Every structure is written in structure tokens, then in C-alpha cells.
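Since the model is a prediction, treat every value here as computed from it, not as a measurement. Every heavy atom of this structure was used, including side-chain atoms; hydrogens, water molecules and symmetry mates were not. Index from 1, following the sequence.
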Amino acid sequence: MKSAVETLNPTRVRLTVEVPFEELKDSLDAAYKKINQQVTVKGFRKGKIPARVIDQRFGRGAVLEEAVNDALPKFYTEAVNEGELNVLGQPEVDITELKDGELLAFTAEVDIRPALEIPDYSGIEVEVDAVEVSEEDIDKSVEQLRERFASTSPVERAAEDGDVLTVNLEAKVDGEVLEDGVAQGVTYTVGSGELLDGIDDAVKGLEAGGEATFTSELKGGSAEGKEAEVKVEVTEVKSRELPELDDEFAQLASEFDTLEELREDSRKRLAQMKTYDQATQAQEKVLDELLKLVEVPMPEKLLADEIQTRKHNLVNHQLAQMGLDLAKYLEIQGKTEEEFDAETKEQAEKGIKTQFILDELVNKEKLNVSQEELTEHLMRRAQSSGMSPDQFAQAVVEGGQVPMLVGEVARGKALAVVVEAATVKDTNGEVIDLDDEDETAETVAEEVVAAAEGADEAAADEKPEA
């Protein structure tokens, strides 16, 4: 077999392959055997029909077609390996010559990974938010905990902000009560902004047994988006009572004996959360700066496929689960379809660039992935997919997707290497050391890379194929 590579552009090549006919012998034998099992000829047992009879009855062309279809993948792979090509996606194959007994010639156009030059990235500098926990932050955290332990009790007075009401609702459009427009015994907290626009003004001042009517645009159901006349009847008013902020509350709501200990624990937890957020911000900003440093030619077909995949996942999985179509989603987002397409293209380009650059860094830095690192990553992906670790692992293995997971971990490690070399300062001018906990840094990096590549969405929307 002879092959030659012609570079069409930095991301696409054309392979020209010539195969001497004798190299098709195994595929020709397999073709005769396959046809033998599929046809019957009077006077011959099934599977025992001579090749010359098959040629006479069904045509030599049918045999050649079967043999070529069988042989092409092998010869294409040999040509790719011979040319040391890093191909992307499926090739477009064109048989240019087929001479029975003499020669098979074909061309194959395919996208390839572009050759990249990774410049010195140690000069990258980014600024992130400082980790500061204020007394106001702690107050808010403790107040949220306090809200969870609130109690309610019926009151004989008009409804006020914060009260918990039991209401009956009836919605009419064009004077007709909707079949799905009646609801009984609905619990509603005044001022929460839930249910329907206008309901807060309608129920304030009503006592149990009181009624009011208001107009509102329906947010769901058979008449979604239409203006409706809504009658609301209050059947019960309850006041919410918050526990006193004292040591007794701390003992009720936590394992601590005093309110001061509870507040100190809140301070530590908030600091941990803000530190994690700071690390994420640093990784994201460093990745953005790295992407600016490297010129990446974009394979057109790969980009088109990635855009289509992202749109498919959004429409058929995320939006479908919420009962929305793309038009409604764009209306809610306040975007035109052109703006949405432009954003999707930009995100797809960033995802592809991220993968190309970090894969190149994995090779350059000779980064390896241990079994322990792969297992931990698999556990995190299983959790985001809604599957058990065992189910996810089985699906990954059966779907041949282990290399994909290894690549995700390796790219996370590559980004962590770049962040370690970069200078990260907070808004107070302090240099931030993100290497204190390498495992945490690499975990955050994996999450940032996954978000840039769209892998998190894919994990949530499309579980591995078994």
C-alpha cells in the first residue's frame, strides 16, 4: 500500500491511498463467505456456492463492493498511522479507481488537530476577589438558619408581609374558567414573589374568608402567557415566628452550646466557601489569559458539530425537562436567535480551543493520570449524571469512554500547572498561593475545564452510552 498526505489547510488534510489488488484477498474471501450465507442457488448447499457461480449469478461488482467496504477502514487507518496524523471525526472517502485484479485507489479528507506552539505562560497575572467575611455575611448566614426553624400559628387579623396563607385560586380567560385554572388549599408566603404577579397586593389586608380579584399573566398551563382574571380566597392566615437569637437557639439548630460558637463556625464555613470561589475565579481567569496567548486554527466541521451538539443538548434535554422550547427560552432570556447562535458559536470555539491547548500542555509537561485520580473523577461525574458510581463506571467502560475521562483529568492537571506558574493577586494586592492543597486545586481545575468545554452539561444531559 502507498499513501501520501496533502495539507489542505492547518486543520484538514487529504490522504491519497493506492492498494495493490492482492492486498484485498482477505476482504474478497470474507465477501464471498458473507454472500454465501445470504443467498441460495439451486443445486448447491447453502454456504458451498463456488465463487465463479456467485460472480455469474450476482455479479462480480457486488463482491467487489462488499470487499472494498470491508477493507477501507483498515487501509485508511494504516494511512493515518503512516502519516502520523492526529485525526478528528470521520473522513470523507472517495474511491477514485477500482480495477479488478489490479488496483484500488481512494482519497480521504479528514480534519486533524492543528500543530500548536505553547509560549511561555509564566508571565500570566490575574486579579481575584479577596477572601473577606464580614459581620454582615455572618448575620445573613445565621438569619437563613433561623428562618429554617421558624414556626407558624393561626392569627385572626389581616394578612401582612411574611404571613403564611392558605388560599384558593380560580383563573378566568375571556370570562371562562380554565380547566386547569382552579387550585384549592395552596400555601403562599406573602411577599415571596412566587405564584402570580399581583397576588401580594391582592391578599394584603385580607382576613380568613376574604376574597379579591386581580389580573395577571399566567406563567404556565393551557393558557400560558395570556392575561387572566384571578380570584383569590384566603382561608387561613398564619404568622411566622422566628426563634430568639440566643444560646438556646444555637443548641436547637446546631451542635454548638453558644450563639458565639455558632457564629464562629459560620465564619469558618463562609471563609472556606469564599476560598473555593476564589480558586475557581483564579482558574477561570488564568484559562482565559492562556487562551489569548495561543493562536488556534479552528476545524470547521468539528466546530459545526460542536455547535449542533450544544444546541441539541440544550433543546432536547435541559429545556425539555423544564417544559420549554427554544423560542420560549429566548423570550425569557431576552435574546434573538442570532444572538443565541453567536453565543453558542463563541462557547463552542472556547471549548475546542481549551481542549486543544490543554492536550498540548499534557504532552509538553508529560502529565500522567493515576488510577486513584481517575476513580475520584469518575465519582464526581457519576454524581453530576444522577447515576450510581457502579452504573456510571459500567456505562463508561462499555461505551469505550475511559480515554475521554482520562483526558478530562489530564486537562485539569494541565490547567493547574499553568495556574501554579501564574501570578494571582487579590483585590488587596496580596499574592494568593493556590498550591496549599494540590488535590483541591486540581479538582477545581477539572471543574473549570469541564465548564469551558461544556462537559458538565453533557454529563447531566447525555449519560454515557452503554
**Prompt:** Is the side chain of Ser216 donor-acceptor paired with the backbone N or O of Asp197 at a distance under 3.5 Å, no angle test?
**Reply:** yes
**Message:** Using side chain to side chain contact (heavy atoms under 4.5 Å, CB included), reason through Leu361 and Leu358 one step at a time and then give a plain yes or no.
**Reply:** CA-CA 5 Å; Leu361 271 170; Leu358 294 182; 4.0 Å; yes
**Request:** In plain terms, say whether Lys350 and Glu346 are close enough for a salt bridge, that is, a side-chain N and a carboxylate O under 4.0 Å apart.
**Result:** no
**Request:** Please answer whether the main-chain N or O of Met1 pairs with a side-chain N or O of Glu23 as donor and acceptor at a distance below 3.5 Å.
**Result:** yes
**Item:** Lys328, NZ atom: more than 12 neighbouring heavy atoms under 6.0 Å
**Value:** yes
**Message:** Between Glu109 and Arg12, does the salt bridge (Lys or Arg N to Asp or Glu O under 4.0 Å) criterion hold? Intermediate values first, please.
**Reply:** CA-CA 7 Å; Glu109 286 192 18; Arg12 196 165 179 82; 3.4 Å; yes
**Asked** Under a 4.0 Å N-O cut-off, is there an ion pair linking Asp265 with Arg269?
**Response** yes
**Message:** Does atom NZ (Lys74) have a neighbourhood of more than 12 heavy atoms from anything else shown, all under 6.0 Å?
**Reply:** yes
**Request:** May I ask you to decide whether Arg263 forms a salt bridge with Glu135, counting only side-chain N to carboxylate O separations under 4.0 Å?
**Result:** yes
**Prompt:** Counting distance only, does the side-chain N/O of Asn69 pair as donor-acceptor with the main-chain N or O of Glu65 below 3.5 Å?
**Reply:** yes
**Prompt:** Near Lys140 NZ, under 6.0 Å, is it more than 12 heavy atoms from other residues, nucleotides or ligands?
**Reply:** no
**Prompt:** Applying the side-chain contact (heavy atoms from CB on, under 4.5 Å) test to Asp341, which of Glu339, Glu338, Glu337 qualifies?
**Reply:** Glu337
**Asked** Hey, is Asp70 close enough to Lys34 for a salt bridge, meaning N to O under 4.0 Å?
**Response** no
**Message:** Contact between Val396 and Arg381 at the side-chain level, heavy atoms closer than 4.5 Å - yes or no?
**Reply:** no
**Message:** Are more than 12 heavy atoms, taken from residues, nucleotides or ligands other than Glu117, located less than 6.0 Å from that residue's CD atom?
**Reply:** no
**Message:** Ignoring hydrogens and geometry beyond distance, is a side-chain donor-acceptor pair present between Thr280 and Asp277 at under 3.5 Å?
**Reply:** no
**Item:** Glu300 atom CD, neighbour heavy-atom count above 12 within 6.0 Å
**Value:** no
**Request:** Identify whether the distance between the nearest side-chain nitrogen and carboxylate oxygen of Glu143 and Arg146 falls below 4.0 Å.
**Result:** yes
**Asked** Between Gly225 and Glu217, what is the shortest heavy-atom contact and its length?
**Response** O-CG, 3.5 Å
**Message:** Does Lys335 have more than 12 heavy atoms from other residues, nucleotides or ligands lying within 6.0 Å of its NZ?
**Reply:** yes
